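Just so we're clear, the structure is a prediction, and the values are computed from it rather than from any experiment. Sequence lines set the chain letters: A, B, ... in the order given, protein chains first and strands last, and positions in each chain run from 1.
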Protein chains: 2
Amino acid sequence: MKFLLVEDNQELAHAISSRMQLDGHVVEHASNLKDATAFVETGEYDLILLDIMLPDGDGRSFLKTHRASDLDTPVIVLTARSQISDRIGSLDLGADDYVTKPFDHAELAARCRAVLRRRAGKSQTIIRSGGVEFDPVAGSMAVQGQPVTLRNRELRLLELLINAPGQIFSKQKLSDRLFSYDDDVSENAIEVYIARLRKHLDPSDLKITTLRGLGYRLDNDA
Amino acid sequence: MKFLLVEDNQELAHAISSRMQLDGHVVEHASNLKDATAFVETGEYDLILLDIMLPDGDGRSFLKTHRASDLDTPVIVLTARSQISDRIGSLDLGADDYVTKPFDHAELAARCRAVLRRRAGKSQTIIRSGGVEFDPVAGSMAVQGQPVTLRNRELRLLELLINAPGQIFSKQKLSDRLFSYDDDVSENAIEVYIARLRKHLDPSDLKITTLRGLGYRLDNDA
DNA sequence: TCGGGGGTGTCAGGTCGGTGTCAGGTTAAC
DNA sequence: GTTAACCTGACACCGACCTGACACCCCCGA
């Protein structure tokens, strides 16, 4: 997927784009409205991440003209916490979702996935695989029909893995997605969560395979 | 499907119609009651999205004459965030559903689908679930047949939850929906209202589940 | 203008569950 | 056999959440 990030804070912009690249997305970065407009006119994007406060104007005006020109690229608005009115107003202007700064990168990634999924026409968000039903919106899972309550972290870990079955996730990668910068956790934490998730998945056909020195992978042993 | 959108705010109108077009619908747009009447007399629509506050009158009068002339096109009313009392009348006048601004476009789309789907039967606004009868217009609720009077905030909270049962609402989302921009309330306020609503729902099968770190969810423990 | 009352949000104290760490055991690699 | 990576049961901590009490405010009637 190709994203356009419109954000004037260079540091934050770098953090976001590197995080998005972890997910395999291509990110192009504009620091102001002028550049953003130029980018949109010349390229096609799957998603736009739009900061509201920009040096040369209000992000909402961009959003407005963007929608007015019949472009239907989904937009997620980034706002500061205090500017609640911005979030609400931007929804009216056609934003697909908003995230308040400071935000968890894991959360932003989740929102992006949700928006893209919604846009793909799949209003059906429930993922079924190997005897597991997973509903990220409801935060619920059922294994062989039996409902299982997952905790916050377990949920997010499962969401990561199940969205890319068969892919190898290094512990570093998982750690990056599950935790934010400032809290530095030991790699063992990941091992623990993998174990907990494994227990939940035990009755199903989904197995988490360990690849020594490489990471983990979700497989379907049907 | 062919929709008629009656809305004087041009930006919002454009946002809505472009969104609806994404879903493959044709949208015609009237900015006032006069135009709306002309549209309805000349064309056939599958659904009407009707703003209440219009430059040349109250949308409800349009709704009334519309119903009086035996047209059974479903109508979804768009109202500003306000007291329940403001909405009284619109559903009595034959609206099929209403959405309060500001709204998620995804939510509006969902309401549209719901209205069109249940159009086969009768227009039904009272929600019955798990021993609870909820009438959002009258602002009344009954648990196991016993009438319960809810306060304004409790009503709006219940309304949010019951319209999307099984979905997780973060505290921030609930806060955005329940309160307006200028008053910034602590997250604890949400917790308090959840508790108050829980007490009311106690005799019923509807339970509000806490998902630590994620939010709340309305479940039916039938 | 005053007083009352219902609705509303805050606060403080308490509870409890998720969370990450640790230590010791197990397994794979060489 | 040695080593490093990984697994896992137990545990303590911290913060999210709950809740009873309270102060505030707006509306109403006197």
If the cut-off is 4.0 Å, is A:K171 near the phosphate of D:dC6, judged by side-chain N/O to OP1 or OP2?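 So the side-chain polar atoms of A:K171 do come within 4.0 Å of the phosphate oxygens OP1 or OP2 of D:dC6, strictly under.
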
Return no unless some side-chain N or O of B:K199 is found under 4.0 Å from OP1 or OP2 of D:dC18. no

Checking contacts here: which listed nucleotide ([options]) is nearest the side-chain heavy atoms of [X]?
{"X": "A:R151", "options": "D:dC18, C:dT21, C:dG18", "answer": "C:dG18"}
{"X": "B:Y193", "options": "C:dT19, C:dT8, D:dG20", "answer": "C:dT8"}
{"X": "A:R196", "options": "D:dT8, D:dG20, C:dT19", "answer": "C:dT19"}
{"X": "B:Y216", "options": "D:dC17, C:dC22, C:dG9", "answer": "D:dC17"}

Taking [atom1] from [X] and [atom2] from [N], how many angstroms apart are they, rounded to a whole number?
{"X": "A:L157", "N": "C:dG20", "atom1": "CG", "atom2": "P", "value": "12 Å"}
{"X": "B:E187", "N": "C:dT10", "atom1": "CD", "atom2": "P", "value": "11 Å"}
{"X": "B:D202", "N": "D:dT19", "atom1": "CG", "atom2": "P", "value": "11 Å"}
{"X": "B:I190", "N": "C:dG9", "atom1": "CD1", "atom2": "P", "value": "9 Å"}
{"X": "B:L197", "N": "C:dG7", "atom1": "CG", "atom2": "P", "value": "15 Å"}
{"X": "A:L178", "N": "C:dG18", "atom1": "CG", "atom2": "C1'", "value": "14 Å"}
{"X": "A:L150", "N": "C:dT19", "atom1": "CG", "atom2": "P", "value": "11 Å"}
{"X": "A:I194", "N": "C:dT19", "atom1": "CD1", "atom2": "P", "value": "15 Å"}

Checking the side chain of B:N220 only, and the main-chain atoms of B:L206 only, is there a donor and an acceptor separated by less than 3.5 Å? no

Side chains of B:N163 and B:E159, donor plus acceptor under 3.5 Å: no

Looking just at side-chain N and O atoms, do A:S31 and A:Q10 make a donor-acceptor pair shorter than 3.5 Å? yes

Please work out which of the three classes, parallel, tilted or perpendicular, describes the rings of B:Y193 and B:F179, given edges at 30° and 60°. tilted

Kindly say whether, by distance alone, the side chain of A:N188 makes a donor-acceptor pair under 3.5 Å with the base of D:dC6?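 Side chain to base: no pair present.
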
What's A:V185 touching, base or sugar-phosphate or nothing? Going by heavy atoms closer than 4.0 Å. sugar-phosphate

Which residue lies toward the 5' end of DNA chain C, A:R212 or A:N152, if each is placed at its nearest nucleotide?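 Its nearest nucleotide being more 5', the pick is A:N152.
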
Which is more 5' along DNA chain D, the nucleotide nearest B:E191 or the one nearest A:T210? Just name the residue. A:T210

Any side-chain heavy atom of B:L54 sitting closer than 4.5 Å to one from B:N32? no

